[in-house]
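Read the structure below first, then the notes.
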Amino acid sequence: MTAPRMPSRLPEVGTTIFSVMSKLAAQTGAINLSQGFPDFSPPPLLLERVAHHMAAGANQYALMAGALPLREAIAEKVARLYAAEYDAESEITVTAGATQAIYSAVAACVRPGDEAIVFAPVYDSYVPAIELNGGSAVYASLRHPHYRPDWDEVRALITPRTRMILINSPHNPSGAVWSDDDLRALEALVRGTDIVIVSDEVYEHVVFDGAAHRSVVGYPGLRERSFVVSSFGKTYHITGWKIAYVLAPAALSAELRKAHQFIVFAVNHPAQLALADFMRAEPGFADGLAAFYQEKRDYLRRQFEGSRFRLLPCAGTYFQLADYSAISDSPDTEFAHWLTREKGVAAIPVSVFSPAPMRGPGERVIRFCFAKNEATLAAAGERLRAV
Ligand SMILES: Cc1ncc(COP(=O)(O)O)c(C=O)c1O
């Protein structure tokens with residue numbers, strides 16, 4: 001058998017680092033603080049409602065844009081949280097995870113020759129989505145240790161070919177959270193242009209120390225041009241369900257749905273109905289998420305006391321960055337593999353989220369996920385203090 005010879009459409013892309021590190025953790029029996037998923041259960045009521053809707057017969061295709069009760073529940077949530085009206089019929093679309101939401105938004109907007117600005121370190125699905133659709137990624141930097149955007153730099157990157165800017169706050173992997181000033185700066189930059197924005201807000205409920213999440217929804221000059229993406233996976237501890245949603249003005253939503261209907265068409269029906277029931281029954285669940293994860297963040301940070309790791313600030317998400325330069329000079333990918341194999345704790349190297357020319361020389365930083373039970377974090381802490 002001879003496989004057809006075909007140049008790769010994504011020559012730079014290998015297996016995502018999340019799969020690589022999780023596999024290595026499984027092979028070596030390491031405690032897996034690499035990939036971002038909880039090791040605790042979703043709320044029982046949510047599980048009960050899925051079983052209910054399966055038994056009640058919701059086993060065929062949902063509506064293409066999402067089951068209406070869920071879109072209505074999302075509209076109510078967004079109105080309550082951000083005082084913003086989004087029409088369930090024409091401005092809210094349910095997707096198979098944030099990854100598909102982002103891919104569909106990019107596919108709907110980016111044409112060959114277009115440029116899309118991303119911020120490195122960048123969540124690893126954005127650039128392949130841009131490139132598969134014929135666009136090219138233009139990188140702005142979020143510099144260690146604070147990972148703040150430099151708006152003068154971004155301004156200089158905008159050209160007549162800039163079709164899209166993809167942003168992510170709270171930010172994976174750094175845990176940085178954009179301020180009101182950041183969003184105002186972005187709003188000023190795009191005013192009068194045709195640039196569209198994808199705002200990845202999957203960690204919208206996970207902002208710490210009393211700070212508020214700034215959604216682009218609250219900025220008229222951003223809202224009018226934005227696909228706002230949130231993920232139920234992060235909010236309800238159900239990353240395996242792969243359900244998310246997109247808010248966008250009707251004209252943008254219509255374009256998004258043209259792509260969405262041929263990428264996935266419709267999303268798991270009983271799970272959507274269960275989410276709708278749960279959101280109505282327990283609207284406060286998401287409001288409690290920041291306190292829930294802040295406790296875990298603080299617990300993990302205490303685990304590092306007496307270790308040779310130096311912790312970076314963590315303002316949101318369920319990720320903690322740690323500088324290991326007092327332990328090793330090895331590049332972070334090497335160090336993360338060593339830590340997994342030899343010390344039994346898996347983490348994610350941060351440099352993989354940036355293209356080679358943007359990797360700061362000598363940056364020695366890895367990412368730990370603290371969406372874990374205290375027993376898991378304590379066991380990892382014991383091993384990390386011994387490194
Ligand atoms: C910043 C960011 N965007 C998108 C996703 C993907 O979310 P989903 O699992 O809903 O596709 C993740 C998951 O880790 C993420 O961290």
Side-chain angles (χ1 to χ4, degrees), residues 15-22 32-39 42 46 66 70 74 93-107 116 118-130 137 142 147 149 164-178 197-207 213-216 226-247 256 260 263-264 267-268 271-272 275 286 289 293 314-321 346-350 352-354 367-372:
T15 305
T16 165
I17 190 68
F18 306 117
S19 303
V20 170
M21 295 312 299
S22 279
N32 190 1
L33 302 192
S34 64
Q35 201 173 0
F37 61 85
D39 71 348
L46 190 50
L70 181 56
I74 294 166
T93 306
V94 179
T95 61
T99 312
Q100 186 245 311
I102 294 161
Y103 188 86
S104 301
V106 171
V118 297
F119 293 78
V122 56
Y123 184 69
D124 68 347
S125 81
Y126 300 0
V127 173
I130 294 161
L142 301 170
Y147 297 92
M164 178 178 275
I165 301 178
L166 294 95
I167 65 175
N168 170 217
S169 173
H171 180 249
N172 177 11
S174 72
V177 171
W178 283 13
I197 289 172
V198 170
S199 184
D200 178 345
E201 303 185 13
V202 299
Y203 301 103
E204 65 178 322
H205 300 293
V206 192
V207 175
H213 168 60
R214 306 280 176 187
S215 174
V216 297
S226 288
F227 297 99
V228 187
V229 179
S230 183
S231 174
F232 293 113
K234 310 296 177 184
T235 303
Y236 297 122
H237 317 321
I238 48 168
T239 61
W241 292 22
K242 294 296 288 188
I243 304 186
Y245 65 84
V246 184
L247 312 172
L256 173 88
H260 168 79
I263 293 171
V264 69
V267 173
N268 188 304
Q272 288 193 64
L275 280 162
L289 211 61
Y293 276 122
C314 172
T317 75
Y318 44 55
F319 303 114
Q320 173 65 59
L321 294 189
I348 295 285
V350 167
V352 299
F353 298 103
S354 299
R367 188 200 82 176
F368 294 98
C369 172
F370 54 79
K372 308 292 172 191

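Order of appearance sets the numbers: ligands from 1, and atoms from 1 within every ligand.
Residue contacts with ligand 1: T239 is placed with no nitrogen or oxygen under 3.5 Å of a nitrogen or oxygen of the ligand (distance criterion only).
Close approach of ligand 1 to G97 (heavy-atom distance below 4.0 Å) involves ligand atoms 10 (O), 11 (O). Atoms of ligand 1 lying under 4.0 Å from any heavy atom of N168, numbered from 1 in the order shown and given with element: 1 (C). Close contacts between ligand 1 and N172 involve ligand atoms 1 (C), 15 (C), 16 (O) [criterion: under 4.0 Å to a heavy atom].
Of the protein's non-hydrogen atoms, the one nearest atom 15 (C) of ligand 1 is Y123 CE1, 3.4 Å. Among protein heavy atoms, the minimum distance from atom 1 (C) of ligand 1 is reached at D200 OD2, 3.3 Å. For atom 14 (O) of ligand 1, the closest non-hydrogen atom of the protein is K234 NZ, 2.6 Å.
With a 4.0 Å heavy-atom cut-off, ligand 1 is reached by the side chain of K242 but not by its N, CA, C or O. Residue Y203 touches ligand 1 through its side chain alone, judged by heavy-atom distances below 4.0 Å. Both the backbone and the side chain of A98 come within contact range of ligand 1, each with a heavy atom under 4.0 Å. The backbone and the side chain of T99 each have at least one atom closer than 4.0 Å to an atom of ligand 1 (non-hydrogen atoms only).
S231 approaches A98 most closely through the heavy-atom pair CB-CB, 4.2 Å.
At a cut-off of 3.5 Å, with distance as the only test, a side-chain donor of S230 or E204 sits close to an acceptor on the other residue. Between N32 and S22, the side chains place a donor N or O and an acceptor N or O closer than 3.5 Å (distance only, hydrogens not considered).
Ligand 1 does not have H171 within reach: every non-hydrogen atom of the residue lies 4.0 Å or more from it.
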- Starting from the C-alpha separation in whole Å, work towards a yes-or-no answer on side chain to side chain contact (heavy atoms under 4.5 Å, CB included) for Y203 and V177. CA-CA 10 Å; Y203 301 103; V177 171; over 6 Å; no

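Formation of a donor-acceptor pair under 3.5 Å by the S104 side chain with backbone atoms of Q100 is found in this model.
Ring to ring, Y293 and Y318 are close: their centroids are under 6.0 angstrom apart. Two rings, from Y147 and W178, have their centers 6.0 Å or more apart.
Ring orientation note: the planes of F232 and Y245 are tilted relative to one another, at an angle of 30° to 60°.
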